[in-house]
*Asks:* 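Handing you this structure, nothing more for now.
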Amino acid sequence: MHEEIINWFASHARDLPWRDPDCSAWGVLVSEVMLQQTPVTRVLPVWKDWLLRWPDPAALAQSPSGEAVRAWGRLGYPRRALRLHAAAALMALEHDGEVPGSYNELLSLPGVGSYTAAAVAAFAFGRRETVVDTNIRRVHARLIAGTALPAPALNAAEIRLAEQLLPAEPGQSVRWNAAVMELGALICTARSPKCGQCPVREKCAWLAAGGPAPTYQPKGQAWAGTDRQVRGAVMAVLRAAGPGLQRGLLFSPAAALSAAPAPDPAQAHDSGASGSRAVEASGLTPTEPPVATELARLYRLNAEESQLERVITGLLRDGLAQATGGGGIALPA
DNA sequence: TAGCCGTGGGC
DNA sequence: TGCCCAAGGCT
């Protein structure tokens with residue numbers, strides 16, 4: 001089983017820049033943090049820009065945290081950018097500007113949990129670590145346990161299984177971790193697995209059992225109308241705006257209506273500029289076209305003032321508002 | 001531990 | 001069209 005999966009990996013692995021032997025440990029760490037809950041295709045361009053701009057932890061630590069949040073763009077979960085910046089500052093201060101190589105040192109960095117610590121120790125430093133991510137959990141569930149999906153939450157039995165399956169030799173253990181993860185990402189996928197292309201389909205307990213359905217219903221996350229949706233829209237405004245964003249702009253329906261881009265897609269390219277003029281005309285504050293566009297997106301959500309207040313409080317609590325220069329939105333209008 | 005935290009592509 | 005899901009971490 002190990003040989004078949006590792007051989008499959010040798011011929012089918014994606015050519016990803018953070019897998020290049022010349023990629024720095026910093027590059028690996030940045031990739032792992034960006035890849036937390038975010039697909040590879042969306043990470044790639046941001047990762048490349050990020051490493052060109054900040055080739056090592058010290059470089060990032062010397063930039064304001066808001067720059068990290070803006071460079072993060074629309075990858076999602078922007079607190080990751082803040083934590084990566086904090087991790088860079090900590091590495092500059094306590095690790096001589098280097099990414100530490102041990103699991104425990106990595107685990108102590110903000111935004112680095114058990115998965116990321118193990119992955120960086122393994123993939124950047126060649127260590128023998130038990131890496132357990134969602135792909136590996138799913139492959140183990142099917143191949144070994146014979147179930148369609150892993151348990152709703154990671155448990156001790158899964159970790160023990162992963163430890164038992166990990167090859168003893170460090171180099172082989174690294175390849176095994178990467179190979180099982182890649183198998184889960186490309187073949188043994190959550191939705192419609194490509195069992196016909198699987199190198200270990202003959203050994204799969206789930207297939208042998210006839211591919212039984214999941215025994216529980218994964219609960220989806222609500223989105224429309226939630227604080228998360230509003231928070232994302234406010235964050236987009238904060239990223240687009242420079243320091244000094246006016247609180248009133250976030251709450252004003254007048255600015256909302258006038259800043260709204262034309263619904264006609266043919267005129268959509270013009271929406272930013274016209275929105276900007278409209279916002280300026282509303283007398284609230286001078287602003288930039290991208291700000292007007294993001295304001296318009298926020299207003300179309302029709303959030304109640306109480307919801308906006310709650311979301312802004314959360315962004316202040318997390319430090320995201322201050323980092324982007326929008327700390328002033330805490331003040332009364 | 002369960003709930004929260006963004007975003008957009010694919011089915 | 002919605003809904004599902006993606007190399008999780010933190011509280």
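Note that the coordinates shown come from a computational prediction; the quantities given were computed from them, not determined experimentally. Below, chain A is the first sequence line, B the second, and so on; all start at residue 1.
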*Asks:* Please give the distance between the C1' atoms of B:dG8 and C:dT1 as a whole number of Å.
*Replies:* 15 Å

*Asks:* Is A:Leu75 reachable from A:Leu238 through a run of I, L, V, M, F, W or Y residues, each pair having side-chain heavy atoms under 4.5 Å apart?
*Replies:* no

*Asks:* For A:Asn135 and C:dC5, give me the distance from atom CG to atom P, rounded to whole Å.
*Replies:* 13 Å

*Asks:* Check this for me: does any side-chain nitrogen of one of A:Arg19 and A:Glu182 sit under 4.0 Å from a carboxylate oxygen of the other?
*Replies:* yes

*Asks:* Under 4.0 Å between any heavy atoms, over every strand shown, what does A:Ala119 touch: base, sugar-phosphate, or nothing? Just pick one.
*Replies:* nothing

*Asks:* Between A:Thr38 and A:Arg80, is the side chain to side chain donor-acceptor pair (under 3.5 Å) condition met? List the steps.
*Replies:* CA-CA 11 Å; A:Thr38 304; A:Arg80 291 183 292 168; 2.9 Å; yes

*Asks:* Under 4.0 Å, heavy atoms only, any strand: does A:Ala153 hit a base, just the sugar-phosphate, or nothing?
*Replies:* nothing

*Asks:* CG of A:Leu75 versus C1' of B:dT7: gap in Å, rounded?
*Replies:* 9 Å

*Asks:* Any idea which of C:dA7, B:dC5, B:dG8 is nearest the A:Gln221 side chain?
*Replies:* B:dC5

*Asks:* Counting only heavy atoms not in A:Glu163, do more than 12 fall under 6.0 Å of its CD?
*Replies:* yes

*Asks:* Just call it for A:Ser114: base, sugar-phosphate, or nothing, with non-hydrogen atoms closer than 4.0 Å on any strand.
*Replies:* sugar-phosphate

*Asks:* Compare all side-chain heavy atoms of A:Leu82 with those of A:Trp72 and state whether any distance is below 4.5 angstrom.
*Replies:* no

*Asks:* At 4.0 Å (heavy atoms only), tell me whether A:Thr134 reaches a base, stays on the sugar-phosphate, or touches nothing.
*Replies:* sugar-phosphate

*Asks:* Considering only B:dT7, C:dA7, C:dG8, which nucleotide approaches the side chain of A:Thr116 most closely?
*Replies:* C:dG8

*Asks:* Could you go through the salt bridge (Lys or Arg N to Asp or Glu O under 4.0 Å) check for A:Arg128 and A:Glu169 one step at a time?
*Replies:* CA-CA 8 Å; A:Arg128 183 179 181 276; A:Glu169 197 277 312; over 6 Å; no

*Asks:* Nearest to the A:Pro39 side chain among C:dA7, B:dT7, C:dA6, which nucleotide is it?
*Replies:* C:dA6

*Asks:* With a 4.0 Å cutoff (strictly under), does any side-chain N or O of A:Arg137 reach OP1 or OP2 of C:dG8?
*Replies:* no

*Asks:* Could you give the CZ-to-P distance, from A:Arg80 to C:dC10, as a whole number of Å?
*Replies:* 12 Å

*Asks:* Write down the distance between CG (A:Asp318) and P (C:dG9), rounded to a whole number of angstrom.
*Replies:* 17 Å

*Asks:* To the nearest Å, give me how far apart CG (A:Leu315) and P (B:dC4) are.
*Replies:* 16 Å

*Asks:* Base, sugar-phosphate, or nothing for A:Pro78, non-hydrogen atoms under 4.0 angstrom?
*Replies:* sugar-phosphate

*Asks:* Checking only heavy atoms, does the side chain of A:Arg191 share a donor-acceptor pair with the base of C:dC4 at less than 3.5 Å?
*Replies:* yes

*Asks:* Pick the closest DNA chain C nucleotide for A:Arg83 and for A:Asp133 by heavy atoms, then say which residue is nearer the 5' end.
*Replies:* A:Asp133

*Asks:* Using atom CH2 of A:Trp223 as one end and atom P of B:dG3 as the other, report the distance to the nearest whole Å.
*Replies:* 18 Å

*Asks:* Mind checking the P distance from B:dC4 to C:dA7? Whole angstroms is fine.
*Replies:* 23 Å

*Asks:* Could you check A:Thr41 against A:Gln37 and say which one's nearest nucleotide on DNA chain B is further toward the 5' end?
*Replies:* A:Gln37

*Asks:* Closer than 4.0 Å, any side-chain N/O of A:Arg138 to the OP1 or OP2 of C:dA6?
*Replies:* yes

*Asks:* Write down the distance between CH2 (A:Trp72) and P (B:dT7), rounded to a whole number of angstrom.
*Replies:* 12 Å

*Asks:* Round to a whole Å and report the spacing from CG of A:Leu84 to C1' of C:dA7.
*Replies:* 15 Å

*Asks:* A:Gln36 side chain: which of B:dT7, C:dG9, C:dA6 is closest?
*Replies:* C:dG9

*Asks:* How is A:Gly113 classified with respect to the nucleic acid when contacts are heavy atoms under 4.0 Å: base, sugar-phosphate, or nothing?
*Replies:* sugar-phosphate

*Asks:* When you get a sec, tell me which of B:dT7, B:dC5, C:dC5 is the closest nucleotide to the side chain of A:Arg42?
*Replies:* B:dT7

*Asks:* Compare the minimum distances between each of C:dC10, C:dA7, B:dG8 and the side chain of A:Arg74, then state the nucleotide with the smallest one.
*Replies:* B:dG8

*Asks:* For residues A:Trp54 and A:Trp26, establish whether the separation of their ring centroids is below 6.0 Å.
*Replies:* no

